[in-house]
Undergrad: 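Following this message is one structure expressed as structure tokens.
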Amino acid sequence: MNHKMRFFLIWFFFNAILVASILAIGVFIFQQISAEDRLHLTTTLSPYLYYILVPLASLLALIIFGTKWLLNSFWIVLGQIVEEMKLNLASNPSHRINLPGRGTLSQIADLFNQQANQMEELQIRVDEQITKAKMDLEREKNVLSLLIEALSEGIIVCNKEGIILLYNQMAKTLLNPPPNPEKVSAPPQEKTNFVGLERSLMTIIETPLLTYTINELKERQQMGSDNLEQHFIIEHGGSLINVEAIGIIDQTQQLGGFIFIFQDVSPKADIPRPYERQQQNLKEKMRSDLANVRASIEAILDYPHLPEQKRKKFLEIVRDNSIKLTSLLDQDPAQTVKDISSIWSLGETFVREWLNSLDSKLKSLLSCKFDLDLGEESCWINLNQYLMTQTLVYLLGQLQQAQTPNSLLCRLHQDGHFVMIDLVWDGAPLLPEHFRQWITQSIKWEEINNPVTISGILHQHDAEIWLQAGHESESHYIRLFFPKLEENKSKSSKQRSISLEHRPVFYDFDLFDKTPHPELDNASLSDLTYTVFDTETTGLNPSGGDEIISIAAIRIVNGRLLEGETFEQLIDPLRSIPQESINIHGIHPEMLEGKPLIEQALPHFHKFAENTVLVGHNAAFDMRFFQMKEKVVNVSFTHPVLDTLLLSAVVHPYQDQHFLEKIAERFNLKVEARHTALGDALLTAKIFLKLIPLLAQQNIHTLKDTLLASKETQYAKLKY
């Protein structure tokens, strides 16, 4: 019920009670006197009845219309004054009350305007002082922002849950999908992701490598490590992107988030020329065969009393591998083998720390007893931790399956310039042919597009592997050799983590403390993320065949309008556009030729608005169009929806007009690009931000409160 209807009912009931009271008193008095007195009274007053009733009726009319005048001139005006005072205090300090010729109320308005002028002048002086005090800091902020924006690498800063807090344009270029869906050859149902504040990096880089990296850095920080850096490479949008992840230490010395640095390495990862690839493959195979020859000779030298049969077996291995080496040298140089291991980046790694972080993981994967012997070794090697972790898991799994040992041991030691990792077991020795098969056969891991081999991975690390088999009653081991890094080089280069207390705050770093997924109903309006949207259509009848021809949107995050994160798409409606509609939005049929259909555009917008609250002006109209297309496009808009039309009626019930332009005028907002989807979405977003403090004045703070208040307005009953 609006304020006018409420005042009319108050006026009607007041006067109805007044008239009824007068009549009731008259009837009561008339019934209390005797019949003789009634006759005498009637006879006496009859000649003067006209002179009695006319003044009485005039007095009653004066009371009735006087109360209406009082309501209109004072009560309603007082309500308007209160609204305009709230508007001035909460959203528009330049707003003034204009009540010419209203007597006392006009004087009250003038006094408030004078006070508002003084407050605005004082606020301007305070703002000038604050601006002056912040100039140096702002200059540093701008320099840093320009430096980050000018970097050739993409930069993304996330909190520890992977929610994006900062990014530069290069990151958006590398990771965002093409801006126009009509240029995308993939099916319209294919998942599309957007780089943006408060979006999850996990949905943009959907690979277990990212999850592994984040968990690995978290485990290292819990163990007190200073080595909070990790590298990996992903394939994204047809490009190979090198990713460097660095942990951020907050003021409490806890892991507060991550910096991800992205660099397109596609030109560096070109497949080698055929001859070069053949040489690389040849070296890899020769390494394997030479390792077998070396292991066999060492076994003969270490055990001079070997039985003749075993000695003969080892000599056969030497002979067979020598023959294979000869045949490898005679191979056709044109023969090539694809090997993608060269694109996987290495990082300097403290081996003890890496193996220690694998202890619980390996124990959970193996059914037999597993021990880790790290000794007192303190050494660094160049390592791709993901690949080598998978390699150890694979080798230990193969050993457990083939040898069924009672126990397995991973032993770390070093000798001169080499770091050695031994996988030790008791029981039956491993046959060399089985070992060769393990390290040379292709393995397909989910995170890698192409099959790899253990020998290929080791080759990339400049590492060696061989099998050492003893007697039946002795221990056997598989040994991995890695070149050792210099101690001073590793320590100086690996103390790499970033502390927030040493970083300038030039973006939304306060989001570190935000809950990533608040309970929406009870969430404060200032804590929610919004997608403010608008559409242009062929007409006003969604049920009668009218279609959407344009969708645009802009995001609000952390109470801030992100003008760099927008969505704008023209749509081919596959029907004519009436001239009267063209006159309003200016979209001509030729502008829509070749544009995507609603089946492509609406899922694209749905993804842009993922995990946000939708905001629109007269949103019921737009949502009805979306609802009509849900079955066709196979997406459902289950987002909470706020409507600035309804919210304006909530905070300004005394105002008669809630058009977009009229609300903008009340908030002193400039109207630009009216009746374009993006222009109207931008204006709606600015209005929504102005409405939030006015809602708070009415004790409306949460999403649930706002939705309930919206439903109480008369406009909520509009149907399309």
Side-chain angles (χ1 to χ4, degrees), residues 156-166 200-202 205 207-232 243-261 345-366 369-393 396 409-412 419 421 447 485 487 490-503 509-517:
I156 287 182
V157 178
C158 298
N159 65 11
K160 59 185 178 182
E161 284 80 23
I163 303 301
I164 297 175
L165 313 178
L166 175 150
S200 173
L201 187 61
M202 306 290 190
I205 305 176
T207 169
L209 288 172
L210 180 62
T211 304
Y212 169 83
T213 297
I214 289 178
N215 291 337
E216 174 70 17
L217 294 180
K218 286 181 179 179
E219 289 179 7
R220 290 190 204 171
Q221 192 276 331
Q222 290 171 1
M223 295 167 59
S225 171
D226 292 323
N227 175 20
L228 299 183
E229 180 183 2
Q230 184 74 297
H231 300 258
F232 60 94
V243 184
E244 181 179 2
I246 305 171
I248 300 174
I249 302 300
D250 62 20
Q251 292 88 341
T252 64
Q253 300 304 308
Q254 299 299 313
L255 187 65
F258 307 94
I259 290 180
F260 290 91
I261 303 172
S345 60
L346 306 180
E348 296 174 6
T349 302
F350 186 42
V351 189
R352 281 176 55 85
E353 188 177 85
W354 167 59
L355 290 176
N356 200 39
S357 69
L358 295 180
D359 188 31
S360 58
K361 177 180 181 180
L362 295 174
K363 285 179 178 176
S364 65
L365 292 174
L366 299 172
K369 181 183 178 183
F370 176 77
D371 290 311
L372 192 62
D373 180 9
L374 302 179
E376 299 297 327
E377 306 296 340
S378 176
C379 46
W380 295 79
I381 60 175
N382 266 324
L383 200 68
N384 182 293
Q385 292 192 25
Y386 176 77
L387 286 179
M388 288 310 304
T389 298
Q390 295 295 83
T391 297
L392 288 185
V393 169
L396 288 169
L409 171 67
C410 181
R411 181 174 61 204
L412 171 67
V419 175
I421 299 174
E447 297 80 5
L485 293 178
E487 191 81 5
S490 346
K491 286 186 176 179
S492 62
S493 64
K494 292 311 296 180
Q495 304 293 326
R496 189 172 183 191
S497 59
I498 295 177
S499 173
L500 276 184
E501 60 186 355
H502 300 301
R503 300 287 293 175
F509 281 107
D510 55 324
L511 290 174
F512 275 114
D513 301 322
K514 291 194 68 177
T515 305
H517 301 290

Undergrad: Counting C-beta onward and ignoring hydrogens, is there a side-chain heavy-atom pair between I214 and F260 closer than 4.5 Å?
TA: yes
Undergrad: Can you confirm whether I421 sits close enough to V351 that some side-chain heavy atom of one is under 4.5 Å from a side-chain heavy atom of the other?
TA: yes
Undergrad: I want to check something: taking the side chain as every heavy atom from C-beta on, are M202 and E161 in contact at a cut-off of under 4.5 Å?
TA: no
Undergrad: Are any side-chain N or O atoms of K160 and backbone N or O atoms of K218, one a donor and one an acceptor, separated by less than 3.5 Å?
TA: no
Undergrad: So, R411 side chain and G375 main chain: donor-acceptor pair closer than 3.5 Å or not?
TA: no
Undergrad: Going by heavy atoms in the side chains, are T213 and V243 under 4.5 Å from each other?
TA: no
Undergrad: With heavy-atom distances below 4.5 Å as the criterion, would you say the side chains of M388 and T349 are in contact?
TA: no
Undergrad: For residues I164 and L201, report the shortest heavy-atom separation together with the two atoms involved.
TA: CG1-N, 4.3 Å
Undergrad: Does T211 offer a backbone N or O that forms a donor-acceptor pair with the side chain of N215 under 3.5 Å?
TA: yes
Undergrad: Report the C-alpha distance between I249 and Q221 in whole Å, list the side-chain angles of each, state the deciding distance to 0.1 Å, and finish with yes or no for side-chain contact (heavy atoms from CB on, under 4.5 Å).
TA: CA-CA 9 Å; I249 302 300; Q221 192 276 331; 4.1 Å; yes
Undergrad: What closest approach, in Å, do C410 and F370 show between heavy atoms, and which atom pair accounts for it?
TA: CB-CZ, 3.7 Å
Undergrad: Should F258 and L228 count as side-chain neighbours, where that means a heavy-atom distance under 4.5 Å?
TA: no
